[in-house]
Amino acid sequence: MEGKKRKAGIGNSKIRELAKQLYLNQTLPDKGLRELLEETDKEALDLLYGYARQACQLHYGKKIYVRGLIEFTNYCRNNCYYCGIRRENQKVQRYRLSKEDIYACVKEGYALGFRTFVLQGGEDIGYTAENIGEIICWVKQKYPGCAITLSFGEWDRDVYQYWFDCGADRYLLRHETADEEHYRRLHPVGMSLLKRMECLSQLKEIGYQTGAGFMVGSPGQTLEALVADLRYLQTLKPHMAGIGPFIPQKDTPFAKETAGTLSMTLKLLSIVRLMFPKILLPATTALGTIHPQGRELGILAGANVVMPNLSPANVRLKYQLYDNKICTGEEAAQGKNQLEERVRSIGYELCMERGDSKV
């Protein structure tokens with residue numbers, strides 16, 4: 001027992017030094033990053049989370065920014081092996097929200113106090129670029145002080161430019177993995193990691209507040225692949241990063257794979273916060289799905305964004321990227337008061353401002 005305590009103490013000292021270096025320098029050698037990712041001692045990890053909270057609060061205080069999520073279509077032209085709305089999944093009840101449906105969601109969200117709206121969907125060619133542009137223009141004309149985030153996949157540069165010119169402010173496009181071999185494990189022939197990275201570069205060049213990110217624990221992921229993800233983020237310098245656990249979906253090729261862990265997800269949230277102190281970092285719905293206090297733990301590990309669901313109640317269960325997704329109660333925008341209480345219980349406050357990135 002004494003040997004174990006002594007070993008843990010040494011580990012704590014090493015992790016403390018690595019976390020401090022990351023806090024001060026925003027980077028570590030690959031070996032240091034792997035050591036942080038391999039750490040399992042609770043006391044040592046609490047040190048890491050503490051540094052991440054400190055880094056976040058330095059720039060954002062204890063504000064947790066709220067975004068109203070509108071999942072407007074679950075049609076997708078892609079066939080990613082991990083995704084429940086992949087093209088070949090015949091068991092999905094498909095839907096598309098009309099413009100009027102989306103406007104109603106925005107009106108409700110605005111009345112609840114939301115000032116950022118996230119339009120998220122599969123890569124649905126049932127909407128033209130002009131359809132999306134019209135929706136952006138309507139929101140901007142009706143609610144000029146609000147921010148619009150799009151999360152709608154890969155398109156040509158001129159389409160991204162058109163939506164930006166219509167008034168879109170932010171774009172979320174998770175790169176999923178920066179390791180080519182791992183990318184091939186997750187995606188079918190015809191999809192390209194290079195194309196994904198080109199899209200992200202174009203979004204930044206156009207002027208979007210740009211978000212990348214990856215799943216934690218996806219099939220075939222190694223520590224080396226995770227370090228590659230962190231290095232890619234250093235190259236891209238995104239304004240936002242979406243990092244959440246992989247959760248299998250029963251109607252995909254990965255149905256029997258093991259979900260990503262809470263511990264590894266929290267470690268990566270903290271590491272990303274320390275590498276990018278000013279980044280906007282969500283405590284994701286997936287994190288709340290794998291643990292009842294997942295989002296609170298994510299905030300305590302350095303996250304500072306939550307995204308309650310504004311989608312109509314009758315479609316929330318149809319947007320099943322993964323199994324057992326939470327989409328009622330505090331996850332729904334109508335549960336804002338309960339979410340506010342949960343955030344307050346850990347010493348933070350919900351912030352309804354549009355909350356632009358400080359990157």
Side-chain angles (χ1 to χ4, degrees), residues 1-60 62 177-179 182 212-218 220-238 241 243-246 258-279 281-284 287 290-291 293-304 346-348:
M1 182 64 73
E2 289 182 5
K4 290 183 179 178
K5 287 182 179 178
R6 202 159 43 242
K7 185 176 180 181
I10 293 170
N12 289 352
S13 176
K14 182 65 178 289
I15 294 301
R16 183 190 296 274
E17 183 58 33
L18 288 172
K20 183 179 179 180
Q21 287 181 32
L22 195 54
Y23 176 77
L24 293 174
N25 304 322
Q26 285 84 61
T27 193
L28 282 174
D30 288 1
K31 181 176 184 291
L33 292 173
R34 285 195 300 270
E35 287 179 334
L36 289 178
L37 292 172
E38 289 171 337
E39 183 58 60
T40 59
D41 181 74
K42 182 181 183 302
E43 191 174 333
L45 292 175
D46 284 342
L47 293 171
L48 177 67
Y49 304 152
Y51 271 112
R53 290 195 298 275
Q54 188 175 336
C56 185
Q57 290 171 21
L58 184 64
H59 300 287
Y60 292 103
K62 291 199 168 185
T177 179
D179 179 275
H182 188 214
F214 52 90
M215 295 179 294
V216 178
S218 56
Q221 190 176 66
T222 63
L223 289 182
E224 287 71 27
L226 288 170
V227 171
D229 286 321
L230 296 171
R231 296 302 182 210
Y232 172 66
L233 293 179
Q234 283 185 311
T235 300
L236 181 66
K237 297 179 175 61
I243 297 170
F246 162 75
T258 302
T261 66
L262 176 70
S263 175
M264 185 62 83
T265 305
L266 296 178
K267 281 186 279 189
L268 281 157
L269 285 172
S270 288
I271 290 169
V272 169
R273 171 58 66 197
L274 290 169
M275 293 179 75
F276 311 96
K278 297 180 181 180
I279 206 166
L281 194 59
T284 64
L287 193 55
I290 65 168
H291 191 282
Q293 283 79 48
R295 279 168 298 183
E296 290 96 321
L297 293 170
I299 291 168
L300 292 172
N304 67 333
I346 56 172
Y348 287 79

Which pair of heavy atoms, one from [X] and one from [Y], lies closest together, and at what distance?
X: Leu236; Y: Ala212; answer: CD2-CB, 3.7 Å
X: Gly260; Y: Pro245; answer: O-CB, 4.0 Å
X: Ala241; Y: Ile279; answer: CB-CD1, 3.7 Å
X: Leu274; Y: Ala19; answer: CD1-O, 4.3 Å
X: Val272; Y: Ile243; answer: CG2-CD1, 3.3 Å
X: Ala283; Y: Ala303; answer: N-CB, 3.7 Å

So, using side-chain hydrogen bond (donor to acceptor under 3.5 Å, both in side chains) as the criterion, who are the partners of [X] when residues are at least two apart?
X: Gln293; result: none
X: Arg231; result: Thr27, Asp30, Gln234
X: Glu296; result: Arg342
X: Ser218; result: His182

_Show me the pairs that pass salt bridge (charged side-chain N to carboxylate O under 4.0 Å, His left out) and involve residues 42-52, at least two apart or across chains._
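Those involving residues 42-52 are Lys42-Asp46.
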Excluding sequence neighbours, so at least two apart, what forms ring-ring contact (aromatic ring centres under 6.0 Å, His included) with [X]?
X: Tyr51; answer: Tyr23
X: Tyr232; answer: His175
X: Phe276; answer: none

*Which pairs, with at least one residue in residues 267-276 and sequence neighbours excluded, count as a side chain to side chain donor-acceptor pair (under 3.5 Å)?*
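Only Arg273-Asn304 qualify under side chain to side chain donor-acceptor pair (under 3.5 Å).
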_Candidate pair Leu36 and Leu28, rule side chain to side chain contact (heavy atoms under 4.5 Å, CB included), full reasoning_ = CA-CA 10 Å; Leu36 289 178; Leu28 282 174; 3.7 Å; yes
Measuring from atom [atom1] of [X] to atom [atom2] of [Y], what distance do you get when rounded to the nearest 0.5 angstrom?
X: Leu33; Y: Leu22; atom1: CG; atom2: CG; value: 6.5 Å
X: Met215; Y: Thr284; atom1: CE; atom2: OG1; value: 12.0 Å
X: Met275; Y: Leu233; atom1: CE; atom2: CG; value: 7.5 Å
X: Glu39; Y: Ile15; atom1: CD; atom2: CD1; value: 4.0 Å
X: Leu223; Y: Arg34; atom1: CG; atom2: CZ; value: 8.0 Å
X: Leu230; Y: Leu226; atom1: CG; atom2: CG; value: 7.0 Å

*Apply side chain to side chain contact (heavy atoms under 4.5 Å, CB included) to Leu297 and Leu287, showing your working.*
CA-CA 9 Å; Leu297 293 170; Leu287 193 55; 5.9 Å; no
*Do any N or O atoms from the side chain of Tyr49 and from the backbone of Gly302 form a donor-acceptor pair under 3.5 angstrom?*
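Between the backbone of Gly302 and the side chain of Tyr49 there is no qualifying donor-acceptor contact (under 3.5 Å).
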*Got a sec, which residues hit side chain to side chain contact (heavy atoms under 4.5 Å, CB included) with Lys62, two or more places apart in sequence or on another chain?*
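Checked Lys62 against side chain to side chain contact (heavy atoms under 4.5 Å, CB included); matches are Gln57, Tyr348.
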_Thr222: which residues meet the side chain to side chain contact (heavy atoms under 4.5 Å, CB included) condition with it, sequence neighbours left out?_
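In terms of side chain to side chain contact (heavy atoms under 4.5 Å, CB included), with neighbours along the sequence ignored, Thr222 is linked to Glu224, Ala225.
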*asked:* Determine whether Thr177 and Gln221 satisfy the following criterion, side chain to side chain contact (heavy atoms under 4.5 Å, CB included), listing intermediate values before the conclusion.
replied: CA-CA 8 Å; Thr177 179; Gln221 190 176 66; 5.9 Å; no
*Take Phe246 and Val216, measure what side chain to side chain contact (heavy atoms under 4.5 Å, CB included) needs, and give me the verdict at the end.*
CA-CA 5 Å; Phe246 162 75; Val216 178; over 6 Å; no
*Identify which one of Leu268, Leu45, Leu37 satisfies the side chain to side chain contact (heavy atoms under 4.5 Å, CB included) criterion when paired with Ser263.*
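Looking at Leu268, Leu45, Leu37, the match for Ser263 under the side chain to side chain contact (heavy atoms under 4.5 Å, CB included) is Leu45.
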*Of all residues at least two apart in sequence or in a different chain, which pass the salt bridge (Lys or Arg N to Asp or Glu O under 4.0 Å) check with Glu35?*
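Testing Glu35 for salt bridge (Lys or Arg N to Asp or Glu O under 4.0 Å), a comparison that skips the adjacent residues, returns Lys14, Lys31.
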